[in-house]
K.L.:
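If you scroll down you'll find the structure; I have some questions about it.
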Amino acid sequence: MTEGRRGRGSFLDRLTRVRWLRAVLLHPIVARPGYWFATACGFVWGGVLSRFRIRREGGVWVAPGMPAWAFGRGGTTIGAVYLTSTNVRPSVLEHEAVHRAQWKRYGLAFIPLYVLAGQDARRNRFEIEAGLKKGGYE
């Protein structure tokens, strides 16, 4: 593990220990509007690039048929919207529904928290919580 990775993990650990800050950022009054905003952005991005083929499935709104450059890996959840091309297996949708719940809990704070958790899915606490096998990481 590189020094930079250790530093980021330490920062995230220290940040999550600041109780009052965590309580403020995770309070529904703060987090929910961020989740709603992210969902609206997901609907706009996914709607336009999937030619408005968005449908409700597996606990998320799925925007299928997106170009590969428009999302990460096999798909990306933004708020309650799952952006993908064809990766809509039931197990993947279960995995993405957990990410939807994470967005709902953390709001826009989910973005820096996810980045700080690291690019290696096997060590990223949000991917682990969502289920590595269901997400196709194992």
Side-chain angles (χ1 to χ4, degrees):
M1 184 182 310
T2 66
E3 187 63 41
R5 276 209 172 296
R6 241 181 285 150
R8 282 191 292 193
S10 297
F11 174 75
L12 182 58
D13 291 341
R14 283 185 302 217
L15 185 62
T16 57
R17 286 189 195 123
V18 180
R19 286 192 141 145
W20 69 267
L21 181 59
R22 185 174 60 202
V24 168
L25 290 176
L26 300 184
H27 194 281
I29 290 175
V30 175
R32 290 292 158 79
Y35 165 72
W36 298 329
F37 177 75
T39 299
C41 291
F43 267 112
V44 170
W45 184 253
V48 170
L49 294 176
S50 74
R51 289 179 238 129
F52 300 98
R53 292 180 286 188
I54 296 178
R55 66 182 186 267
R56 183 93 168 136
E57 188 177 343
V60 293
W61 289 95
V62 179
M66 306 258 314
W69 57 264
F71 55 86
R73 204 167 169 266
T76 301
T77 296
I78 305 296
V81 182
Y82 174 52
L83 312 170
T84 189
S85 179
T86 60
N87 193 14
V88 293
R89 295 183 320 273
S91 62
V92 170
L93 295 178
E94 286 179 36
H95 175 90
E96 298 304 328
V98 174
H99 287 317
R100 178 190 154 269
Q102 292 165 341
W103 271 100
K104 195 171 189 178
R105 177 172 184 214
Y106 296 106
L108 291 176
F110 184 58
I111 298 168
L113 290 172
Y114 187 93
V115 170
L116 287 170
Q119 293 297 311
D120 182 359
R122 293 167 293 159
R123 294 187 177 170
N124 182 307
R125 69 188 196 108
F126 300 105
E127 293 297 343
I128 293 167
E129 181 183 348
L132 295 174
K133 188 172 184 177
K134 288 180 181 180
Y137 293 106
E138 289 185 351

K.L.:
Would one find more than 12 heavy atoms of other residues, nucleotides or ligands at under 6.0 Å from atom CZ of R56?
P.N.:
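Yes.
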K.L.:
Give me the atom names and distance for the closest heavy-atom approach of P112 to A109.
P.N.:
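Smallest interatomic distance, heavy atoms only, reads CD-O, 3.2 Å.
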K.L.:
Going from CZ on R123 to CG on L132, what distance comes out if it is rounded to the nearest 0.5 angstrom?
P.N.:
12.0 Å
K.L.:
Are more than 12 heavy atoms, taken from residues, nucleotides or ligands other than R51, located less than 6.0 Å from that residue's CZ atom?
P.N.:
no
K.L.:
Using only heavy-atom distances, determine whether the side chains of Y82 and R100 contain a donor-acceptor pair under 3.5 Å.
P.N.:
no
K.L.:
Looking only at side-chain N and O atoms, does Q102 offer a donor or acceptor that is under 3.5 Å from a partner on H99?
P.N.:
yes
K.L.:
Nearest 0.5 angstrom please: N124 CG to L116 CG, how far?
P.N.:
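Between N124 CG and L116 CG, I get 10.0 Å after rounding to 0.5 Å.
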K.L.:
Do the side chains of I54 and V44 join up, straight or via other hydrophobic residues, at under 4.5 Å, putting them in one cluster?
P.N.:
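Hydrophobic grouping puts I54 apart from V44.
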K.L.:
Are the aromatic ring centres of F110 and W103 under 6.0 angstrom apart?
P.N.:
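Yes.
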K.L.:
If we ignore angles and hydrogens, is there a donor and acceptor under 3.5 Å between the side chains of N87 and R89?
P.N.:
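Result is yes, a qualifying pair exists.
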K.L.:
At what distance, to the nearest 0.5 angstrom, does OG of S85 lie from CH2 of W69?
P.N.:
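Result: 12.5 Å between the selected atoms.
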K.L.:
Decide whether V88 and Y137 are clustered together by the hydrophobic rule: side chain heavy atoms of Ile, Leu, Val, Met, Phe, Trp, Tyr closer than 4.5 Å, transitively.
P.N.:
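No; Y137 is not reachable from V88 via cluster members.
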K.L.:
Test of understanding: clusters of I, L, V, M, F, W, Y form through side-chain heavy atoms closer than 4.5 Å, transitively. Do V81 and F71 belong to the same one?
P.N.:
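V81 clusters together with F71.
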K.L.:
With hydrophobic residues grouped by side-chain heavy-atom distances under 4.5 Å, do V98 and L93 end up in a single group?
P.N.:
no
K.L.:
Between F43 and M66, is there shared hydrophobic-cluster membership here, with clusters defined by ILVMFWY side-chain heavy atoms closer than 4.5 Å?
P.N.:
yes
K.L.:
In Å and rounded to the nearest 0.5 Å, what is the CH2 to CG distance from W45 to L83?
P.N.:
8.5 Å
K.L.:
When you measure from the side chain of T84 to the backbone N and O of G74, does any donor-acceptor pair fall under 3.5 Å?
P.N.:
yes
K.L.:
Supply the atom-to-atom distance T39 OG1 to I78 CD1, rounded to the nearest 0.5 angstrom.
P.N.:
9.5 Å
K.L.:
Atom CG of D120 and atom CD of E127: how far apart are they, to the nearest 0.5 Å?
P.N.:
10.0 Å
K.L.:
Do you know which two heavy atoms are closest between P28 and P33, and how far apart they sit?
P.N.:
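So the minimum-distance heavy-atom pair works out to O-CD, 3.7 Å.
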K.L.:
Would you name the heavy atoms of A31 and R105 that are closest together and state the gap between them?
P.N.:
CB-O, 3.3 Å
K.L.:
Which pair of non-hydrogen atoms, one from R55 and one from P64, has the smallest distance, and what is that distance?
P.N.:
NH1-CG, 3.1 Å
K.L.:
Kindly indicate, with the supporting measurements, whether the criterion ring-ring contact (aromatic ring centres under 6.0 Å, His included) is fulfilled by Y114 and Y106.
P.N.:
CA-CA 10 Å; Y114 187 93; Y106 296 106; over 10 Å; no
